[in-house]
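Model, not experiment: these values are computed from the prediction. So you know, we letter chains A, B, ... as the sequences are listed, proteins then strands, and number each from 1. The analysis underlying the following values was restricted to heavy atoms, covering all of them including side chains, and did not include hydrogens, waters or symmetry mates.
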There are 2 protein chains.
Amino acid sequence: MLSKKAKYALQALIQLAREYKQNPVLISELAQRERIPKKFLELILLDLKRHGILQSKKGKGGGYFLGKPPEAIAMGQVIRILDGPLAPLPCVSQTAYMKCQECRDEKTCSIRMVMQQVRDSTAGILDGTSLADLMQLTPKKTARKRL
Amino acid sequence: MLSKKAKYALQALIQLAREYKQNPVLISELAQRERIPKKFLELILLDLKRHGILQSKKGKGGGYFLGKPPEAIAMGQVIRILDGPLAPLPCVSQTAYMKCQECRDEKTCSIRMVMQQVRDSTAGILDGTSLADLMQLTPKKTARKRL
DNA sequence: ATTTACTCTATTAAACTGATAGAGTAAATA
DNA sequence: TATTTACTCTATCAGTTTAATAGAGTAAAT
């Protein structure tokens, strides 16, 4: 299940993607637009910054902005930062592999084999979808009205 | 993430699938074979019984056994019973749909669109894999040795 | 009647989730 | 350089979920 943290992160990033190469956006601005508790959003953005997804500028005229182009930021990457590995079992994670304690023989564990498929298809979708893709999936309402 | 509960359930069911149409298996037998805390397993099996996956017989010579053939029990079904819906967001669940509070317009929510794909591919795999399939993926070691 | 073995309700500790509070620090500008 | 702005960091918290345990109760076989 996607946590609220990860969902908030994606919402905020989509907003920031729209303003890419424009001015930094205030946390409070983002919080208001997406109805996210401001203090909670702070933690999320800070985390994204630590992972190089975002950059920030302090003081007046400051705020947050994308650290790389929207095409270069995948949903999978964002979700992993906030929620941890995509894999439904630690033993099928590519980015955070861990042997699961109860498994006696990983090679013949049938549950693992199926979960491997699940993780691959999930990762395929989420790593194959960038912020740029997400932006295109939701055209701005205002832009539509202007047509 | 698959919970231990669901994983234990699948392990136990695979064992019971091997004994399909043979004798009932004791909880304690299953617990020992799969190294599952017995009392914990009791709750799991009871839950599976309430959902028609298992049947049981009390008293001496009793135990648990599959309520339907292994081909008729899908992984997805089992996981839903123990862990709830497969969908990564309540708003894309087929079996337990719920509007997510923060979403202002479900139809244009791009996060939702992608998560819909994730849920469909996950459900496709898990509902398409039965206990019979799982059994075949893990040939009994003893059987192998006898070849 | 007694043993066997499933059934049910309650309780627990630890971890996780979503959220809040407040002090601290860096950068802009007047 | 004083002040304002706005990000940075640490701590805390209530509520829920997860994994597990305990113990009394009930049905069925011998």
Is any side-chain nitrogen or oxygen of A/Tyr8 closer than 4.0 Å to OP1 or OP2 of C/dA19? yes
Hey, does the side chain of B/Lys49 come within less than 4.0 Å of C/dT7's phosphate (OP1/OP2), counting only N and O? yes
Hunt down the Watson-Crick or G-U wobble partner of [N], both distances under 3.5 Å, from any strand shown, or write none.
N      : answer
C/dT20 : D/dA11
D/dT4  : C/dA27
C/dT11 : D/dA20
D/dT30 : C/dA1

From the set [options], return the single nucleotide nearest to any side-chain atom of [X].
X       : options               : value
A/Ser56 : C/dT9, D/dC7, C/dA19  : D/dC7
A/Arg50 : D/dA20, D/dT8, D/dC9  : D/dC9
B/Lys58 : C/dA19, D/dT8, D/dA28 : D/dA28
B/Lys5  : D/dT8, D/dC7, D/dA19  : D/dA19

Roughly how many Å is it from [atom1] in [X] to [atom2] in [N], rounded to a whole number?
X       : N      : atom1 : atom2 : result
A/Glu34 : C/dA19 : CD    : C1'   : 18 Å
A/Tyr64 : C/dA26 : OH    : C1'   : 13 Å
A/Ile44 : D/dC7  : CD1   : C1'   : 15 Å
B/Leu46 : D/dG25 : CG    : P     : 18 Å
B/Leu43 : D/dA22 : CG    : P     : 13 Å

First encountered from the 5' end of DNA chain D, between B/Asp83 and B/Lys39: B/Asp83
Transitive ILVMFWY side-chain link B/Phe40 to B/Tyr64, under 4.5 Å: yes
Derivation of the side-chain contact (heavy atoms from CB on, under 4.5 Å) call for B/Val118 and B/Val92: CA-CA 9 Å; B/Val118 171; B/Val92 297; over 6 Å; no
Residue whose closest nucleotide on DNA chain C lies nearer the 5' end, A/Gly59 versus B/Lys57: B/Lys57
Judged by each residue's nearest nucleotide on DNA chain C, which is more toward the 5′ side, A/Lys60 or A/Glu42? A/Glu42
Using a cut-off of 4.0 Å on non-hydrogen atoms, how would the nucleic acid contact of A/Lys4 be classed: base, sugar-phosphate, or nothing? sugar-phosphate
Determine the contact category for B/Leu45: base if any of its heavy atoms lies under 4.0 Å from a base atom, sugar-phosphate if only primed atoms, P, OP1 or OP2 are that close, otherwise nothing. nothing
Indicate yes or no: does A/Lys4 engage A/Asp83 in a salt bridge with an N to O separation below 4.0 Å. no
Below 4.0 angstrom, N of the basic side chain to O of the carboxylate: do B/Arg33 and B/Glu19 qualify? yes
In Å, rounded to the nearest 0.5 Å, how long is the span from CD of A/Glu42 to CD1 of A/Ile27? 4.5 Å
